[in-house]
Amino acid sequence: MGGTFDPIHHGHLVAAAQVAQECRLDEVVFVPTGRPWQKTHAVSSADDRFLMTLLATVSNPRFDVSRVDIDRPGPTYAVDTLTDLQAHYGPECELHFITGADALASLSSWKDHRRIVELARLIGVTRPGHDLVDPGLPGDTITLVEVTAMAISSTECRRRAADGLTLDYLVPAPVAAYIAKNRLYLR
Ligand code: NAP
């Protein structure tokens, strides 16, 4: 599961659990992105995002966190993420790449996108009532899974933290404590 995770929230966690069940996955590996080269807003440091992701997932034995995107120098490309994970888990491991359907809508412009669909099955997580941009790809390239809890968004969490509002029940308690202690997202 790839994402910026700035911050990780309960929508991501419910999405991971729901996709794992629906697609019969053994494990979900959360992969926080490295350098945010396409982002217009400032993004928290890779270490802050990695640590929040670790805090959010540590209690679930079927969840893991990978540093492949953070430790690889240069911009983050999904083709490199999947190549590194395939090398780590071995050729018998069948990879699924889970991320936001909004992000996957631009897949045809991603580096080596034809190789990406060879390396993994693509699963796009959608928010309720959210129209999807047509990625212009064959109909069966991306499996869409609607997740009610994805009504929560990282943008809204950052906005609330900036306004001094509580993040209780939107993010796991240790993540809320980490954000408060490290004064993330304050203007
Ligand atoms: P983003 O633009 O920050 O997010 C786009 C939308 O998708 C947001 O609504 C976001 O909601 C949602 N989203 C992001 N990650 C999600 C997840 N794991 N589960 C459910 N919803 C999610 O997207 P991004 O984080 O930069 O990129 C997502 C993934 O796509 C990363 O792995 C990234 O490396 C990959 N990607 C690759 C390329 C490329 O190879 N050229 C280009 C773009 C993205 P929240 O803000 O609430 O998370």
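Read the numbers this way: they start at 1 and go in the same order the structure lists the ligands and their atoms.
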Of V31, V175, T53, which is the lone residue that meets side chain to side chain contact (heavy atoms under 4.5 Å, CB included) with F5?
T53
Would one find an N or O of T76, backbone or side chain, under 3.5 Å from an N or O of ligand 1?
no
Joint cluster assignment, L13 & L51, ILVMFWY side-chain distance < 4.5 Å:
yes
Check V145, T143, I123 against E22 for a side chain to side chain contact (heavy atoms under 4.5 Å, CB included) and give me the one that passes.
V145
Side chains of T81 and D69 only: does a donor on one sit below 3.5 Å from an acceptor on the other?
yes
Closer than 3.5 angstrom, by distance alone: can the side chain of R62 be matched with the main-chain N or O of D26 as a donor-acceptor pair?
yes
Under 3.5 Å, is there a donor-acceptor pair between the side chain of D6 and the main chain of S44?
yes
Can you sort out which atoms of ligand 1 are near S154, meaning under 4.0 Å from one of its heavy atoms?
45 (P), 46 (O), 47 (O), 48 (O)
Okay, side chain of E94, backbone of A120: is any donor-acceptor separation there less than 3.5 Å?
no
Going by the closest heavy atom to atom 40 (O) of ligand 1, which one wins out of A16, A105, A78?
A78
For H9, atoms of ligand 1 separated by under 4.0 Å from a heavy atom:
47 (O)
Would G2 count as a polar contact of ligand 1, with the cut-off being nitrogen or oxygen pairs under 3.5 Å?
yes
Please walk me through it: do D47 and R67 pass salt bridge (charged side-chain N to carboxylate O under 4.0 Å, His left out)?
CA-CA 10 Å; D47 281 333; R67 290 186 62 96; 3.5 Å; yes
Atom indices of ligand 1, in the order listed, that fall short of 4.0 Å to a heavy atom of M150
20 (C), 21 (N)
As an exercise, identify every atom of ligand 1 less than 4.0 angstrom from a heavy atom of G3.
15 (N), 25 (O), 31 (C), 32 (O)
Counting each atom of ligand 1 from 1 as listed, which ones have a heavy atom of F97 under 4.0 Å away?
32 (O)
Where ligand 1 meets S153 - atom numbers and elements under 4.0 angstrom, heavy-atom basis
47 (O)
Residue, atom name and distance, where the atom is the protein heavy atom closest to atom 26 (O) of ligand 1:
K39 NZ, 2.9 Å
Nearest-contact summary for atom 16 (C) of ligand 1 - protein heavy atom, Å
G100 N, 3.4 Å
If the cut-off is 4.0 Å to any non-hydrogen atom of D102, which atoms of ligand 1 fall inside it?
6 (C), 9 (O)
Inspect the surroundings of CD in E118 and state if more than 12 heavy atoms from other residues, nucleotides or ligands are less than 6.0 Å away.
yes
If we only count N/O pairs under 3.5 Å, is W110 in contact with ligand 1?
no
For ligand 1, is there an atom lying under 4.0 Å from some heavy atom of H113?
no
Identify which of H12, R158, R127 has a heavy atom lying nearest to atom 11 (O) of ligand 1.
R127
Whether the side chain of R121 engages the backbone of H96 through a donor-acceptor N/O pair (distance < 3.5 Å, no angle test) should be reported.
no
Check whether any side-chain N or O of T126 sits under 3.5 Å from a backbone N or O of A101 as a donor-acceptor pair, and report yes or no.
no
Ligand-residue contact atoms, ligand 1 with F5, heavy atoms, under 4.0 Å
18 (N)
Going by a strict under-4.0 Å cutoff (protein heavy atoms only), does atom 47 (O) of ligand 1 have a neighbour on the protein?
yes
Among all protein non-hydrogen atoms, which one is nearest to atom 29 (C) of ligand 1, and what is the separation to 0.1 Å?
T99 OG1, 3.3 Å
Can you confirm whether Y178 sits close enough to D48 that some side-chain heavy atom of one is under 4.5 Å from a side-chain heavy atom of the other?
yes
Taking distance alone, with no angle check, do T4 and ligand 1 share an N/O pair under 3.5 Å?
yes
If you round to the nearest 0.5 Å, how far is CD1 of I8 from CG of L54?
10.0 Å
Within the structure, is a non-hydrogen atom of F30 found at a distance of less than 4.0 Å from ligand 1?
no
Report the nearest protein non-hydrogen atom to atom 4 (O) of ligand 1: residue, atom name, distance rounded to 0.1 Å.
A103 CB, 4.6 Å
Distance from atom 31 (C) of ligand 1 to nearest protein heavy atom, with residue and atom
T33 CG2, 3.5 Å
Nearest protein heavy-atom contact for atom 19 (N) of ligand 1: which residue, which atom, what distance?
M1 CE, 3.4 Å
Would you say that more than 12 heavy atoms from the other residues, nucleotides or ligands in this model lie under 6.0 Å from the OH of Y89, or not?
yes
